[in-house]
Number of protein chains: 2
Amino acid sequence: MTASQSTASEGLPIGAVSKRTGVKVPTIRYYEEVGLMPPAPRSDGNRRFYGEAAIRRLAFIRHARELGFEIEAIRDLLALSAEPQASCEAADGIALRHLAEIDSKIARLTALRAEVARMTEQCSHGRVAECRVIEVLANHDACLHATH
Amino acid sequence: MTASQSTASEGLPIGAVSKRTGVKVPTIRYYEEVGLMPPAPRSDGNRRFYGEAAIRRLAFIRHARELGFEIEAIRDLLALSAEPQASCEAADGIALRHLAEIDSKIARLTALRAEVARMTEQCSHGRVAECRVIEVLANHDACLHATH
DNA sequence: GCTACATCCTCTAGCGACTAGAGGAGCAAG
DNA sequence: CTTGCTCCTCTAGTCGCTAGAGGATGTAGC
């Protein structure tokens with residue numbers, strides 16, 4: 001709430017924004033290129049400068065990416081967040097779809113894990129000829145094959 | 001063990017191999033290109049033909065891919081499987097490293113899942129302005145932030 | 001032999017979400 | 001004025017395929 005700080009008027013250059021948000025410089029430029037970030041205003045020397053709104057937007061994107069949302073989904077979420085009066089049904093839907101995606105990935109990985117763990121546990125640490133790891137890979141019948 | 005079958009002598013063309021192994025035709029060519037499969041012998045008309053050994057190798061690759069092994073790892077596993085007298089320590093190591101990878105992916109996804117689930121559960125299905133989904137994304141402090 | 005049609009060939013480009021590097025310009029401090 | 005940092009643009013690479021263009025070959029029916 002207290003205004004009047006140091007860098008004030010024009011905003012921060014891309015490197016400072018990168019440090020503040022934890023998003024790498026080329027990634028910020030990439031987000032601009034694909035339209036997630038609006039084209040940043042430039043200084044005389046053609047350098048990008050970012051105000052508070054842009055930095056908040058970037059933090060939003062970063063957080064969404066950390067949570068595994070795809071660029072396309074983030075594009076939609078950003079559009080929604082710009083319309084505070086709209087129903088949040090759409091946003092909820094995006095999140096729910098993402099949740100389902102995560103669940104199916106976890107399920108798949110859990111099945112893989114069981115298979116690979118079984119392989120390694122049965123390995124007798126002898127010669128390749130009787131190695132369970134190699135054997136299971138070579139012979140699909142030798143495995144649990146739940147999902148794959 | 002019983003020999004003398006129909007297609008016998010030269011081997012199968014790529015399409016038949018694809019059907020038998022479930023690996024798509026362009027993918028088989030891709031595996032040859034990156035050196036996972038040896039260059040297939042060609043017919044007069046420049047078409048690839050595959051014998052039993054090649055088909056077994058392809059099945060091995062497919063199974064390993066299904067289990068999430070990377071191409072590089074499969075390359076190593078194939079090399080190892082060609083040396084039955086060697087110790088299977090290396091193969092075991094590759095599998096164990098892969099297992100650790102899977103575990104860390106599962107852990108990460110599980111943390112994400114909790115976060116996204118919490119977001120959606122708190123959504124009151126009202127306006128965007130008070131939507132928990134949008135809010136959490138905009139404000140990192142509003143989330144559990146375990147791993148991210 | 002001829003005509004369809006399927007299958008095969010090579011080559012290039014695209015996916016997602018960046019990352020790396022070349023080659024050059026701007027800028028602040030000593 | 002030079003050093004060294006940050007910034008700029010542009011191209012190409014990552015992974016494991018997938019899609020498509022444009023053309024050759026093979027096979028079945030007539």
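By convention in this document, chain letters (A, B, ...) are assigned in the order of the sequence lines, proteins followed by strands, and residues within each chain are numbered from 1. No experiment lies behind these values; they were computed from the predicted model shown.
- For the OP1/OP2 pair of C:dA25 and a distance below 4.0 Å, the side-chain nitrogens and oxygens of A:Arg42 include no atom meeting the criterion.
- Nearest nucleotide to the B:Arg65 side chain, out of D:dC17, C:dC9, C:dA17: D:dC17.
- Taking atom CD1 of residue B:Ile14 and atom P of nucleotide D:dT25, one finds them 17 Å apart after rounding to whole Å.
- Listed by first and then second residue, the side-chain hydrogen bond (donor to acceptor under 3.5 Å, both in side chains) pairs involving residues 85-95 of chain A are A:Asp92-B:His125 (not counting sequence neighbours).
- Along DNA chain D, the nucleotide nearest to B:Phe69 and the one nearest to B:Asn46 differ in position, and the one closer to the 5' end is contacted by B:Phe69.
- Of the candidates D:dC7, C:dC18, C:dC8, C:dC18 carries the atom nearest the A:Tyr30 side chain, counting heavy atoms from C-beta on.
- With C:dC9, D:dG16, D:dC7 as the choices, the nucleotide that has an atom nearest any side-chain atom of B:Glu70 turns out to be D:dG16.
- A donor-acceptor contact shorter than 3.5 Å links the side chain of A:His98 to the backbone of A:Leu67.
- Atom-to-atom, CD of B:Glu66 to P of D:dG16 comes out at 15 Å; the value is rounded to the nearest Å.
- Atom pair B:Arg62:CZ and D:dG16:P shows a separation of 16 Å (rounding to whole Å applied).
- Nucleotide D:dC8 holds its P atom 14 Å from the CG atom of A:Asp44, rounded to whole Å.
- Cluster membership check: B:Ile71 shares its hydrophobic cluster with B:Ile28, using side-chain heavy-atom separations under 4.5 Å among Ile, Leu, Val, Met, Phe, Trp and Tyr.
- Between A:Asp103 atom CG and B:Arg113 atom CZ the span is 4.0 Å, to the nearest 0.5 Å.
- Along DNA chain C, the nucleotide nearest A:Tyr31 and the nucleotide nearest A:Ser43 are compared for position; the residue whose nucleotide lies closer to the 5' end is A:Tyr31.
- The side-chain contact (heavy atoms from CB on, under 4.5 Å) search around B:Ala86 returns A:Val128, B:Glu83, not counting sequence neighbours.
- For the contact set between residues 15-28 of chain A and DNA chain C, defined by any heavy atom under 4.0 Å, the members are A:Lys24, A:Thr27.
- Side-chain proximity of B:Arg29 to the nucleotides D:dC17, C:dC9, D:dC7 is greatest for C:dC9.
- Atom CZ of A:Arg75 and atom C1' of C:dA17 are 12 Å apart (whole Å).
- Nearest to the side chain of B:Arg47, among D:dC7, D:dT25, C:dA17, sits D:dT25.
- Between the CD atom of B:Glu32 and the P atom of D:dC17 there is a distance of 15 Å, rounded to whole Å.
- B:Leu109 is connected to A:Leu112 through a chain of hydrophobic side-chain contacts under 4.5 Å among Ile, Leu, Val, Met, Phe, Trp and Tyr, so both are in one cluster.
- Rounded to whole angstrom, the span from the CD1 atom of A:Ile61 across to the C1' atom of C:dG16 amounts to 16 Å.
- Cluster membership check: B:Val23 shares its hydrophobic cluster with B:Leu12, using side-chain heavy-atom separations under 4.5 Å among Ile, Leu, Val, Met, Phe, Trp and Tyr.
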